[in-house]
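Below is one structure, written out as structure tokens; comments come after it.
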Amino acid sequence: MARVAVVTGGTRGIGEAISVALKNAGIKVAANYCGNDDRARAFSEKTGIPVFKWDVSDFDQCASGIAAVTAQLGPVDILVNNAGITRDATMRKMARKGWDEVLDTNLGGCFNMAKAVWDGMLERGFGRVVNIGSINGQAGQYGQVNYAAAKSGIHGFTKALAQEGAAKGVTVNAIAPGYIDTDMVAAVPPNVLEKIVARIPVGRLGHASEIARGVLFLVADDAGFITGSTLSINGGQHMY
Ligand code: CAA
């Protein structure tokens with residue numbers, strides 16, 4: 001029987017590429033989104049992938065969202081925690097709100113979503129959780145104390161949860177993307193982005209499909225011995 005996957009933030013950017021790659025691999029995919037109804041509708045019409053709207057920073061919405069996915073597609077075998085936001089500002093200018101929003105969505109969302117699928121995965125003896133971290137959670141980034149803290153937290157969360165799932169057939173891994181050609185990176189001031197790209201040995205931004213390739217590798221049925229790992233996909237920008 002086809003596996004069932006949920007991809008958070010799965011209708012745009014890296015999440016869109018992940019949703020499509022999983023579908024092309026024969027997996028039944030539910031793409032979660034939170035804000036942009038028009039983009040979600042267009043994505044669903046183009047790909048045939050059903051979309052589900054909820055806010056990953058809200059614990060109860062995650063539980064009811066997973067219940068809705070389960071009712072429509074079946075129990076969730078694969079969770080890709082991809083949803084993430086930025087509220088970049090230097091420490092001097094960052095408000096508490098910008099800290100809370102990023103921590104609640106990027107890191108809190110991983111907890112809320114994993115909590116909603118975890119017991120079922122353990123009971124069925126199979127699960128794949130992939131958390132999308134970031135090069136900036138590994139190396140830090142000027143103007144991102146919130147984002148770097150959240151993404152760094154994702155890497156710790158991954159290693160801790162992996163230990164709890166290991167004996168039960170549930171793997172938990174992270175991918176740490178570098179700078180990928182998405183809307184999020186397009187919002188970086190051009191003069192700053194130019195300097196960042198100049199430091200990428202491969203000489204260009206990454207493509208969302210290059211992150212999706214890593215996700216496919218980690219969620220495969222025969223990837224059961226890979227757990228607690230972080231796969232860096234960053235064009236050689238940070239070798240860690
Ligand atoms: N290193 C050192 N100094 C830097 C710097 C850097 N990387 N970036 C900016 N500065 C300096 C500037 O030169 C400037 O110095 P002076 O005052 O001496 O001229 C000072 O910091 C203020 O810079 P700005 O004028 O840019 O200040 P700002 O308040 O308008 O903006 C900022 C600051 C929000 C950090 C802005 O520079 C910015 O958006 N930077 C990009 C941050 C970034 O890379 N975000 C990644 C988003 S993509 C992502 O997160 C995906 C992923 O996982 C990889």
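Just so you know, these numbers come straight off a predicted model, no measurement behind them. Every number for a ligand or one of its atoms is a count from 1 in the order of the listing.
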Closer than 4.0 angstrom, basic N to acidic O: yes or no for [X] and [Y]?
X      : Y      : value
Asp37  : Arg41  : no
Glu194 : Arg199 : no
Asp183 : Arg39  : yes

Any side-chain heavy-atom pair of [X] and [Y] under 4.5 Å:
X      : Y      : result
Val170 : Phe126 : no
Ile27  : Val4   : no
Trp118 : Lys168 : no
Val80  : Val6   : no
Thr182 : Arg12  : no

Flag [atom] as yes if some protein heavy-atom distance to it falls below 4.0 Å, otherwise no.
atom                    : value
atom 29 (O) of ligand 1 : yes
atom 53 (O) of ligand 1 : yes
atom 13 (O) of ligand 1 : no
atom 32 (C) of ligand 1 : no
atom 19 (O) of ligand 1 : no
atom 8 (N) of ligand 1  : yes
atom 1 (N) of ligand 1  : yes
atom 16 (P) of ligand 1 : no

Enumerated ligand 1 atoms positioned under 4.0 Å from heavy atoms of [X]:
X      : value
Val185 : 48 (S)
Lys93  : 28 (P), 29 (O)
Asp88  : 34 (C), 42 (C), 43 (C), 45 (N), 46 (C), 47 (C)
Val192 : 37 (O), 40 (N), 41 (C)
Gly143 : 35 (C)
Pro189 : 38 (C), 39 (O)
Gly178 : 54 (C)
Ser134 : 52 (C), 53 (O), 54 (C)

Val69-Val56 co-clustered via ILVMFWY side chain contacts under 4.5 Å
yes
Is there a path of hydrophobic side-chain contacts, each under 4.5 Å between heavy atoms of I, L, V, M, F, W or Y residues, that connects Val7 with Val20?
yes
Among Gln144, Lys151, Gln141, closest by any non-hydrogen atom to atom 46 (C) of ligand 1
Gln144
Residue selection (non-hydrogen contact nearest atom 5 (C) of ligand 1) among Tyr147, Tyr142, Tyr179:
Tyr142
Out of Gln237, His238, Gln138, which residue meets the side chain to side chain donor-acceptor pair (under 3.5 Å) rule with Ser232?
Gln138
Considering only residues two or more places apart or on different chains, which pairs with a residue in residues 209-223 satisfy side-chain hydrogen bond (donor to acceptor under 3.5 Å, both in side chains)?
Arg3-Asp221, Arg204-Glu210
Does an N or O from Thr86, backbone or side chain, lie closer than 3.5 Å to an N or O of ligand 1?
no
How does Ile196 reach ligand 1, if at all, at less than 4.0 Å between non-hydrogen atoms: by side chain, backbone, both, or neither?
side chain
